[in-house]
Amino acid sequence: MPELPEVNTVAKVFRKTVLNNPIAKVEVYDSKILRRDTPDVFAQAIERQSFIDTYRHGKYFFAELDSGKHVLFHLGMTGDIHYYHHEDERPKYVRFEIFFADGLILGYEDLRKFSQILIVPNLKEYLEETRLGPDALRIGKEAFLKLFAERKTPLKAILMNQQLVAGIGNLYADEICYQARLHPGSTAGALKKKELETIFEKMKSILKLACRKNAYYRVYPKNWFWEWRKVGNKIPKIGVVKKTNIGGRTTFFVDKYQKLIR
DNA sequence: TGTGATGTTGAATG
DNA sequence: GCATTCAACATCAC
């Protein structure tokens, strides 16, 4: 579920659904994902408050409370937020619920429990602490090009490094490399300015379009890599999809179509 | 039955 | 100290 466009969509729905809606109660069913807070501290920070604003940085989604504190929702691999009015609509892997005074329930589900949910007293301090790079949608071209200089890391590892640029995960990194026609294993520092500019443009256009489509991949353009991202697929006039491991993640690419720069 | 999964972290290595 | 790699985390679906 959660890379930048998915998190952006979660934030969008959250704003539309619960902003300024008074909260009555919080129930924690599995405290593993709270990471830092005890269930009591977590619940007490949220109960009898309202969410008044949101902020997204990369894959990190912050919801601001009346008190000025933020609740961080980092969705990990399988986190998602659901909204419903009856307990029988509760998602299978629900980890906590927020009950609003008007009867709406926000249910947080996370099968694999890799989420990070916590109360953030000071947003600015927290962002410095986590040392996140600039958000992928906000980073400027000059700053982006600099990330690649002198580095021997593969191109894809740069894109996925949240300390360098925040928001790109495994799937969108593959999409960017494919559309830029560059092999994800290309040496970062060996890429020419022209190639880096292409990566930059593709990164922006892919993320923007995905956000506009609310990360609903079924309506992504037909010429995207998305649906083809599987070994052995033969893309007409392009080539056969292959699999490898780059930056510790399963990586799909099309040999020859995506130029390997060393 | 074994394998892999849209993420992050911290330890180990160079 | 910096850059880079890799196992670990938890659980289920295919």
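- For A:His74, a side-chain nitrogen or oxygen approaches OP1 or OP2 of B:dT8 to under 4.0 Å.
- Of the P atoms belonging to B:dT3 and C:dA7, the separation is 14 Å, rounded to the nearest Å.
- We find that A:Lys242 and A:Asp255 are joined by a salt bridge, their nearest charged nitrogen and carboxylate oxygen being less than 4.0 Å apart.
- For DNA chain C, the residues of residues 148-175 of chain A within the heavy-atom distance limit of 4.0 Å (strictly under) are A:Arg151, A:Lys152, A:Thr153, sorted by number.
- Grouping Ile, Leu, Val, Met, Phe, Trp and Tyr residues whose side-chain heavy atoms lie under 4.5 Å apart, directly or via other members, leaves A:Ile246 alone, with no other cluster members.
- Taking atom CG of A:Leu207 as the reference point, atom P of B:dT6 lies 17 Å away to the nearest angstrom.
- A stem is defined here as three or more consecutive Watson-Crick or G-U pairs, each with both distances under 3.5 Å; for DNA chain C these stems are B:2-5 with C:11-14, B:7-14 with C:2-9.
- Put simply, the side chain of A:Asn214 does not reach to within 4.5 Å of the side chain of A:Val219, judged on heavy atoms.
- Ring geometry for A:His57 versus A:Tyr55: interplanar angle of 30 to 60°, hence tilted.
- No salt bridge links A:Lys193 with A:Glu195; every basic N to acidic carboxylate O contact stays at or beyond 4.0 Å.
- A salt bridge does not link A:Arg48 to A:Asp66: none of the charged side-chain nitrogens sits closer than 4.0 Å to a carboxylate oxygen.
- Going from atom CG of A:Asn245 over to atom P of C:dT4 covers 16 Å, rounded to whole Å.
- Among residues two or more places apart in sequence or in another chain, the side-chain contact (heavy atoms from CB on, under 4.5 Å) test is passed with A:Thr54 by A:Phe14, A:Arg15, A:Leu19, A:Phe61.
- In this structure, A:Tyr172 has its ring center closer than 6.0 angstrom to the ring center of A:Trp226.
- Because its NZ or CZ atom is both nearer than 6.0 Å to the ring centre of A:Tyr257 and within 45° of the ring axis, A:Arg181 counts as a cation-pi partner of that residue.
- Neither side chain, A:Thr78 nor A:Tyr93, offers a donor N or O lying under 3.5 Å from an acceptor on the other.
- Atom P of C:dC9 sits at a distance of 24 Å from the matching atom of B:dT1, rounded to the whole Å.
- A donor-acceptor pair shorter than 3.5 Å cannot be found between the side chains of A:Glu6 and A:Tyr216.
- A:Ile33 has its CD1 atom 15 Å from the C1' atom of B:dT8, to the nearest Å.
- We find that CD of A:Glu129 is positioned 16 Å from C1' of B:dG10, with the value rounded to whole Å.
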Close N or O pairs between protein and nucleotides 10-14 of chain C (under 3.5 Å):
residue : atom : partner  : partner atom : Å
C:dA10  : O4'  : A:Arg112 : O            : 3.2
C:dA10  : N1   : A:Arg112 : NE           : 3.0
C:dA10  : N1   : A:Arg112 : NH2          : 2.8
C:dA10  : N3   : A:Arg112 : NE           : 3.4
C:dT11  : OP1  : A:Lys113 : NZ           : 2.3

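- In this structure, A:Lys59 does not pair ionically with A:Glu3, as no charged nitrogen and carboxylate oxygen lie closer than 4.0 Å.
- For the pair A:Arg36 CZ and B:dT8 P, the computed distance is 16 Å after rounding to whole Å.
- In this structure, the ring of A:Phe62 has its center no less than 6.0 angstrom from the ring center of A:Phe73.
- B:dT6 atom C1' lies 11 Å from atom OH of A:Tyr220, rounded to whole Å.
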Shorter than 3.5 Å, N or O on both sides, protein versus nucleotides 1-4 of chain B: list them out with atom names.
none

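- Distance A:Leu132 CG to B:dT8 C1': 11 Å, rounded to the nearest Å.
- Nucleotide B:dT8 holds its C1' atom 13 Å from the CG atom of A:Asp110, rounded to whole Å.
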Could you go step by step and tell me if A:Glu197 and A:Lys141 meet the salt bridge (charged side-chain N to carboxylate O under 4.0 Å, His left out) rule?
-> CA-CA 8 Å; A:Glu197 284 173 344; A:Lys141 190 156 92 178; 3.6 Å; yes
